[in-house]
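Quick note: numbers below take in every heavy atom, side chains included, and nothing from hydrogens, waters or symmetry partners.
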Amino acid sequence: MTAEQQILSQLNESQCTAVVQVDGPVMVIAGAGSGKTRVLTYRIAYMLTQGINPYRILALTFTNKAAGEMKERIFQLVGNSNAKAVMMGTFHGVFNRIIQVEHEKLGFMRNITVYDTDDAKNLLKSIVKEMNLDPKTYVASHVLHRISSAKSSLISADDYAKNIEILEADRINGKPYISEIFKRYNNRLKSSNAMDFDDLLYYMNVLLRDFPEILHKYQNRFQYILVDEYQDTNFAQYLIVKKLAAAHHNICVVGDDAQSIYAFRGANIQNILNFKKDYPESKTFKLEQNYRSTKHIVNAANAVIKNNQDQLHKEVWTENEEGHQIEILKTNSDTDEAQTVAHSIFETKQNYQKNNAHFAILYRTNAQSRALEEALIKKNIPYIVYGGISFYKRKEIKDVIAYFRLTINHYDEESLRRVINYPMRGIGATTVDKIIVCAQENNTRVWDVVEKPDLYHLDVNAPTKARLQDVAIRIKSYSAMLTKTDAYELGNHIVATTGIMQELNADKSEIDRLQNVESLLNSMKEFTEREPESLFNEDTGEIITDYYPSLDRFVESISTLIDDDEKKNELQDRVKLMTIHSAKGLEFDYVYVTGLEENLFPSSMSLGTRAELEEERRLFYVAITRARKKLTLTSAQTRYRFGNLQFCEESRFLHEIPVQFIHKTQKASMGRNICISDVNEVTPSHFIPINEAVHHKRHTHERKPTQKVGKEARADQIYVGLRVYHDKFGYGKVAQTDSEGLDKKAVVTFDSVGNKTLLLKFAKLVIP
DNA sequence: ATGGAGACCTTTTTT
DNA sequence: AGGTCTCCAT
């Protein structure tokens with residue numbers, strides 16, 4: 001069998017037609033679980049067997065994970081020597097590489113630093129402060145969102161300042177200075193030789209718009225373009241793809257409008273809906289056969305998504321078995337929910353001989369993971385939480401990387417601010433403020449002032465000046481080593497000579513941080529020893545033979561690296577916990593979707609418009625379709641949010657699942673049975689346990705989304721037989737009390753955890 | 001300049 | 001509840 005036949009033999013008919021249609025515009029509408037990634041990877045592999053130069057292929061994804069997986073699968077199909085030259089990565093990653101090459105055209109210097117969201121927010125905060133504006137009016141995240149939306153729509157700071165509608169909108173919102181902040185923010189990025197995430201897309205557009213020779217160069221280079229998750233593209237991304245594809249029209253976009261869940265950050269679902277208008281000669285293929293899930297799951301998902309108005313018609317079906325019905329579990333509280341889920345996983349593992357890795361617990365917000373983790377720990381079930389605070393966002397790692405970044409780009413203001421006094425060397429906030437003011441007055445960069453305080457008449461005393469000198473000399477000495485010392489060596493040198501290592505070593509409570517820094521160094525070692533990913537000169541396509549794993553290359557690759565922990569965990573048998581957003585594209589045998597409550601899922605932030613609610617519903621659709629064998633949906637009647645106990649109404653989404661797919665009666669709560677007669681016909685009050693009925697009634701009548709449970713009870717109000725509520729343990733009954741007064745104790749039999757002896761002055765019992 | 005106590009905000013999702 | 005930010009005392 002030829003390589004070509006081998007590739008095609010592994011595809012169904014519609015997948016096959018989508019794969020072999022290499023030339024011309026192609027849109028693949030791929031239902032959940034229909035083999036979308038398969039089509040993309042096999043298509044690239046097929047192209048390579050057709051003798052297409054891999055260097056001419058561009059494949060764009062949204063996450064590093066997706067790009068990594070795709071790469072790996074193509075390597076398996078055609079061998080990595082051939083596939084290596086394919087330009088494959090995230091929009092931001094690929095365009096970053098191009099921008100680094102073309103920096104001069106944009107008026108930037110080499111080694112442009114990419115600011116992450118934290119850097120961007122910090123910069124905005126300092127600008128707001130410098131302008132003497134109220135930081136509460138001009139909240140950094142909100143201002144950034146405004147600027148980000150503008151950039152994503154290719155509106156420059158100048159355009160913004162001239163756009164009467166935008167200015168009016170800001171004025172009405174009481175934030176007339178956003179335009180000015182935007183301008184200053186961009187200037188500061190420029191003088192820091194830095195770009196934020198949106199700039200990578202914005203400036204890529206500038207390159208293609210203002211420099212015909214560059215447009216030509218990349219049009220010529222990328223004769224075949226593939227875009228994954230096309231429904232998630234924003235305007236800036238859409239336009240780049242359109243321009244690059246304009247010469248050859250060999251563009252293949254793959255997506256599913258039903259899984260568009262990023263409108264909140266500017267994704268425009270119209271991009272996929274309008275593909276046919278953009279390319280009238282395009283061919284559309286629909287992948288509607290689901291290979292992933294059971295009939296019950298597929299049909300339930302179809303029924304849910306039907307409630308949305310905006311969608312392309314498609315009928316997802318499956319030949320898989322009918323399977324388990326969908327289980328809906330109502331629980332008393334968030335802790336109860338967590339315990340119920342943990343218990344169910346435990347039982348399923350036993351009964352069906354399943355590994356932990358077959359299970360995933362999904363939730364709407366990261367904050368929900370805590371209770372679930374606790375329950376899993378209690379049951380001794382190994383787990384891993386995805387997407388919490390990522391490794392590279394930890395303080396100690398950011399500190400070390402700030403030194404790296406500063407070594408590579410002295411003008412990186414955010415990094416300079418971060419490390420100028422870390423480890424502490426007596427350069428306080430006052431000095432830093434003076435430096436910034438001085439830099440602005442002299443129309444120069446912060447680094448220049450630090451390097452030559454006398455030249456700019458910086459008003460600080462002699463010892464401070466000496467300290468600044470020390471910082472400048474230190475950083476410059478690191479820079480001098482960049483080309484001669486590999487990333488690992490230089491990293492070690494920096495960590496040792498700055499005193500970061502000593503500081504972490506000295507403080508025994510910082511052991512985790514020390515280990516994280518060591519783990520960073522490990523990954524640097526691996527990086528220097530690894531064969532480089534791309535051996536091609538971006539300009540000419542020539543193979544680069546003098547590749548050197550320097551620190552700047554390491555920093556450039558950081559966003560695509562996965563850290564030690566993640567790598568280890570990937571291989572281990574663990575239950576996976578993650579938000580639904582990060583579960584997109586993944587699949588698991590047993591999926592638990594938790595927190596199906598109004599105001600949580602759908603989120604209270606998304607109840608404003610139909611479009612927002614429909615995005616939440618698509619998110620629910622994504623959640624449902626992650627499951628291969630069995631789907632369990634859970635909700636809780638009370639939940640802690642912001643440290644307050646709140647009552648929750650069950651999610652409207654639960655009612656959108658037709659009854660015939662639902663498992664009707666089940667053990668609903670640890671130690672208690674609730675009979676669900678018919679989920680789609682009963683009102684929520686049917687599920688409320690007796691002891692909460694009164695509250696619930698008020699709740700429904702007042703139509704308030706949430707409500708606090710009663711006040712904390714005094715010790716003298718606690719007596720045997722009383723029903724009480726406890727923060728951690730939930731509802732219970734007082735079984736016994738002793739010794740009146742301040743040290744009064746009580747034994748309480750809790751519904752979920754059994755008997756606990758509590759010292760009442762600390763227990764904060766509530767009488768419900 | 002530093003560090004601790006208290007006020008304050010958070011919880012949408014990611015490159 | 002927990003982390004971040006602000007202000008005040010040292």
Side-chain angles (χ1 to χ4, degrees), chain A residues 60-67 89-96 114-122 125 129 135-136 139-141 144-145 148 151-152 195-202 229 232-234 236-237 259-267 334 362-371 374 386-390 392-393 395 421-422 424-433 460-461 463-464 467 558-560 578-585 595 597 599-608 612 615-616 618-620 622-623 639-646 706 727-728 764:
Chain A
L60 296 168
T61 65
F62 274 83
T63 64
N64 291 309
K65 203 172 171 190
T90 63
F91 278 89
H92 294 86
V94 167
F95 301 143
N96 180 25
V114 179
Y115 275 10
D116 67 17
T117 309
D118 287 340
D119 297 322
K121 279 190 207 159
N122 286 337
K125 270 181 211 158
K129 197 173 154 196
K136 276 167 197 155
V139 180
S141 55
L144 182 61
H145 184 250
S148 169
K151 286 181 176 176
S152 303
M195 292 189 183
D196 64 18
F197 286 134
D198 300 301
D199 282 339
L200 296 174
L201 306 176
Y202 180 85
E229 310 280 17
D232 287 337
T233 48
N234 63 28
Q237 291 162 326
Q259 293 184 66
S260 160
I261 54 175
Y262 287 112
F264 72 91
R265 66 170 193 210
D334 45 2
L362 309 182
Y363 35 78
R364 179 68 234 270
T365 66
N366 280 311
Q368 287 166 253
S369 73
R370 176 167 270 118
E374 280 169 17
Y386 281 82
I389 320 121
S390 99
Y392 291 99
K393 282 201 167 150
K395 183 193 170 295
N421 199 27
Y422 176 81
M424 278 189 289
R425 46 173 78 92
I427 303 173
T430 320
T431 307
V432 173
D433 286 348
V460 292
N461 57 29
T464 307
R467 291 180 198 126
I558 274 179
S559 58
T560 57
M578 64 186 92
T579 63
I580 300 161
H581 280 88
S582 44
K584 187 173 175 190
E597 297 135 34
N599 297 312
L600 181 61
F601 192 19
S603 156
S604 56
M605 312 293 288
S606 306
L607 299 176
E612 283 176 322
E615 176 145 314
E616 291 286 304
R618 290 193 293 271
L619 193 57
F620 185 47
V622 168
R639 183 177 296 278
Y640 275 97
R641 291 184 93 179
F642 312 114
N644 283 332
L645 185 69
Q646 311 201 308
T706 53
D727 269 12
K728 268 234 165 60
K764 294 184 184 161

If I take atom CD1 in residue A/I427 and atom P in nucleotide B/dT2, what distance separates them, rounded to the nearest angstrom? 9 Å
Output the rounded distance in Å from CD1 (A/I261) to P (B/dT15). 12 Å
Is there a donor-acceptor pair under 3.5 Å between the side chain of A/R467 and the backbone N or O of A/I427? no
Kindly confirm whether the side-chain ring of A/F642 is stacked on the base of B/dT10, judged by centres under 5.5 Å and planes under 30°. no
Would you kindly give the CZ-to-C1' distance between A/R639 and B/dT11, to the nearest whole Å? 12 Å
Greater than 12 external heavy atoms within 6.0 Å of A/K395's NZ: yes
Contacts under 3.5 Å, N or O only, protein and nucleotides 6-8 of chain B:
none

Are side-chain heavy atoms of A/R641 and A/N599 found at a separation under 4.5 Å? yes
Round to a whole Å and report the spacing from NE2 of A/H581 to C1' of B/dT15. 13 Å
Give a yes/no on whether any side-chain N or O of A/T579 is located under 4.0 angstrom from OP1 or OP2 of B/dT14. yes
Which residue, A/E616 or A/T430, contacts DNA chain B at a nucleotide closer to its 5' end, judged by nearest heavy atom? A/T430
Provide, to the nearest angstrom, the distance between the CD atom belonging to A/Q259 and the C1' atom belonging to B/dT13. 15 Å
Ignoring hydrogens and angles, answer whether the base of B/dT14 and the side-chain atoms of A/T117 contain a donor-acceptor pair closer than 3.5 Å. no
Using a 4.0 Å heavy-atom cut-off across all strands, classify A/Y262 as base, sugar-phosphate, or nothing. sugar-phosphate
If the C1' atom of B/dT11 is compared with that of C/dT6, how far apart are they to the nearest Å? 23 Å
Considering only nitrogen or oxygen atoms on both sides, find all protein atoms under 3.5 Å from nucleotides 4-8 of chain C and state each distance.
unit_1 : atom_1 : unit_2 : atom_2 : d
C/dC5  : OP1    : A/K125 : NZ     : 3.2

Identify, with sequence neighbours excluded, every residue that meets side chain to side chain donor-acceptor pair (under 3.5 Å) alongside A/T90. none
To the side chain of A/R641, which of B/dA1, C/dG2, B/dT11 is closest? B/dT11
Using a cut-off of less than 4.0 Å, is there contact between a side-chain N or O of A/N366 and OP1 or OP2 of B/dT13? yes
Exactly one candidate in A/L619, A/I261, A/T63, A/T579 meets side chain to side chain contact (heavy atoms under 4.5 Å, CB included) with A/K584; the answer is A/I261
Smallest heavy-atom separation, A/F62 atom then A/E229 atom, equals CE1-O, 3.2 Å
Closer to the 5' end of DNA chain B via nearest nucleotide, is it A/L600 or A/R467? A/R467
Among B/dA1, C/dG2, B/dT14, which nucleotide sits nearest the side chain of A/T431? B/dA1
Where does the angle between the aromatic ring planes of A/Y262 and A/H581 fall among parallel (under 30°), tilted (30 to 60°) and perpendicular (over 60°)? tilted
What's the CG-C1' distance between A/D118 and B/dT14, to the nearest Å? 12 Å
Measure CZ/A/F264 against C1'/B/dT11 and give the value in whole Å, please. 13 Å
Within the structure shown, what part of the strands sits under 4.0 Å from A/F62 by heavy-atom distance: base, sugar-phosphate, or nothing? sugar-phosphate
pair A/K121-A/S141: side-chain heavy atoms closer than 4.5 Å: yes
Can you tell me the distance, in whole Å, between the CG atom of A/L619 and the P atom of B/dT11? 17 Å
Are A/N64 and B/dT14 close enough that a side-chain N or O sits under 4.0 Å from OP1 or OP2? no
Heavy atoms only, 4.0 Å cut-off, all strands: where does A/D116 land among base, sugar-phosphate and nothing? nothing
